[in-house]
Protein chains: 2
Amino acid sequence: MEAFDTLDYRILEVLQKNNLTSQRDIGNAIGLSAPAVQRRIVRMRELGMISADMALLNPELLGPLITIIVQVEMETDKVELVNKTKLKFRQTPQVQQCYYVTGEADFMLVVVVHTMKEYETLTHQLFFNNPGIQRFKSSICMDIVKSGLTLPMPDAVVKAVNNK
Amino acid sequence: MEAFDTLDYRILEVLQKNNLTSQRDIGNAIGLSAPAVQRRIVRMRELGMISADMALLNPELLGPLITIIVQVEMETDKVELVNKTKLKFRQTPQVQQCYYVTGEADFMLVVVVHTMKEYETLTHQLFFNNPGIQRFKSSICMDIVKSGLTLPMPDAVVKAVNNK
DNA sequence: CCAATGTACGCAATAAACTTGCGCAATTGG
DNA sequence: CCAATTGCGCAAGTTTATTGCGTACATTGG
């Protein structure tokens with residue numbers, strides 16, 4: 001009742017690549033009926049294993065967009081201040097991703113804006129107006145070589161599929 | 001025939017958040033019939049505006065996963081070598097995202113692995129075995145504060161929706 | 001100015017996919 | 001050994017997606 005089994009992972013593997021795959025097709029691929037697949041998917045949604053279903057858009061066609069990787073360094077590591085900063089990043093639409101990391105920088109951000117002017121405004125909002133932030137370094141993206149949020153499946157699943 | 005209009009962008013805005021939204025619901029939201037929405041979606045898929053449809057999985061529940069941000073610095077900027085390196089990154093499943101950027105580093109990678117041992121093996125494959133790579137810096141992710149690939153809509157669209 | 005063309009729409013019908021009820025088999029626990 | 005639980009497949013029911021068709025509107029060319 002608690003955990004997920006290999007069949008679940010194989011369903012996830014498919015949905016992660018294409019969540020419009022019909023339950024019938026998934027069923028055929030893994031040896032289950034469509035309703036069985038459906039019930040597993042519902043369950044995985046309820047348990048939060050599948051957290052969202054989204055369409056991936058093409059940045060090239062959506063208009064001129066600038067992607068910037070920002071490394072943010074904080075003055076102190078006060079928990080309260082860090083949490084407040086996290087919240088701010090989370091709430092900012094232009095911040096596509098935010099990682100709290102070890103090393104020199106404290107945060108790594110992936111920011112998407114329409115213009116450099118918008119980015120400048122954003123830096124004021126996020127960094128200059130924030131007392132806890134010491135420094136930030138921007139790396140402009142010239143090429144999105146690869147983009148995705150695909151996660152690797154547990155080793156056991158990978159093996160099971162390869163041995164088929 | 002060529003471009004996209006405001007209605008298209010509003011459809012994209014919805015699908016980007018939840019691509020399981022029914023065409024009827026989208027239609028009601030923007031004042032179109034379901035078939036009209038359907039035809040626009042088909043067209044946007046054909047033109048590559050919608051490049052994929054995927055389920056987002058929960059890293060916490062999928063098992064122990066380690067996310068690492070890697071900054072890669074190359075020795076030379078020879079086009080040939082850069083392209084070869086891009087290809088290698090693109091083909092590596094553990095590389096979730098790869099950005100070719102300006103600044104100190106040449107590449108920014110988001111890497112996801114099951115164990116540090118796997119990461120060590122990966123660094124050998126990707127970096128030590130690659131003559132063009134001078135140095136790389138790893139930042140271990142302690143918290144995925146925000147994750148997504150949502151793109152901002154053209155300003156005109158945003159305004160149009162807010163004024164409704 | 002008026003036809004001809006193309007494009008996008010809505011409605012209605014069809015097709016496909018999802019969802020649910022039900023009975024059965026396998027496993028688990030008393 | 002029996003009752004309870006779990007997950008399955010099948011078949012029916014429901015919703016959603018897709019397609020055919022006629023119409024409206026804008027653009028173009030005579």
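Just so it is clear: chains get the letters A, B, ... in the order the sequence lines come, proteins before strands, and each one is counted from 1. Fair warning: this is a prediction, and the values are worked out from it, not measured in the lab.
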Worksheet, complete the sentence: Separation of C:dT7 atom P from B:Asp8 atom CG, nearest Å, is 15 Å

Item to complete: Can you tell me the distance, in whole Å, between the CG atom of A:Leu15 and the C1' atom of C:dA17?
Response: 14 Å

Worksheet item: Got a sec, which residues hit salt bridge (Lys or Arg N to Asp or Glu O under 4.0 Å) with A:Lys137, two or more places apart in sequence or on another chain?
Response: B:Glu104

Fill in: Difference in axis direction between the ends of the helix from C:dC1-D:dG30 to C:dG30-D:dC1, five pairs, 10°
30°

Worksheet entry | Spacing between A:Gln38 atom CD and C:dT20 atom C1', to the nearest angstrom | 9 Å

Discussion item. Check whether A:Ser147 reaches the backbone of B:Gln97 with its side chain - one donor and one acceptor, N or O, closer than 3.5 Å.
Written reply: no

Output one line per pair: protein atom, nucleotide atom from nucleotides 23-26 of chain C, and distance, for all N/O pairs under 3.5 Å.
none

Worksheet item: Side-chain donor-acceptor pair under 3.5 Å between A:Asp53 and B:Asn18, yes or no?
Response: no

Worksheet item: Along nucleotides 9-16 of chain C, 5' to 3', which nucleotides get a B, which get an S, and which get a -, given that the test is a protein heavy-atom distance under 4.0 Å?
Response: BBBB----

Item to complete: For A:Ile69 and A:Leu109, run side chain to side chain contact (heavy atoms under 4.5 Å, CB included): C-alpha distance rounded to whole Å, both residues' side-chain angles, the deciding distance at 0.1 Å, then the answer.
Response: CA-CA 6 Å; A:Ile69 316 294; A:Leu109 307 182; over 6 Å; no

Worksheet item: Would you find more than 12 non-hydrogen atoms of other residues, nucleotides or ligands less than 6.0 Å from B:Arg90 atom CZ?
Response: yes

Worksheet item: Taking atom P of C:dA8 as reference, at what distance in whole Å does atom CD1 of B:Ile41 sit?
Response: 15 Å

Worksheet item: How would you list, by chain and number, every residue that makes a ring pair (Phe, Tyr, Trp, His ring centres under 6.0 Å) with B:Tyr100, sequence neighbours excluded?
Response: B:Phe107

Fill in: Presence of A:Gln23 side-chain N/O under 4.0 Å of C:dA17 phosphate oxygens OP1/OP2
no

Practice prompt. Measure the distance from CD1 on B:Ile26 to P on D:dT18 and round it to the nearest whole Å.
Written response: 12 Å

Worksheet item: Is the backbone of B:Cys141 close enough, under 3.5 Å, to the side chain of B:Thr67 for a donor and an acceptor to pair up by distance?
Response: no

Discussion item. Can you measure B:Leu20 atom CG to C:dT19 atom C1' for me and round it to whole angstrom units?
Written reply: 15 Å

Discussion item. Under a 3.5 Å distance rule, please check whether B:Gln38 uses its side chain to pair with a backbone N or O of B:Ala34 as donor and acceptor.
Written reply: no

Worksheet item: Who passes ring pair (Phe, Tyr, Trp, His ring centres under 6.0 Å) against B:Tyr99, sequence neighbours left out?
Response: none

Response to the item:
Output for pair (A:Gln91 CD, A:Lys88 NZ), nearest 0.5 Å, gives 9.5 Å

Worksheet item: B:Phe4 CZ to C:dT7 C1': how many Å, rounded?
Response: 16 Å

Fill in: Side-chain donor or acceptor of A:Ser22 paired with backbone N/O of A:Asp25 under 3.5 Å
yes

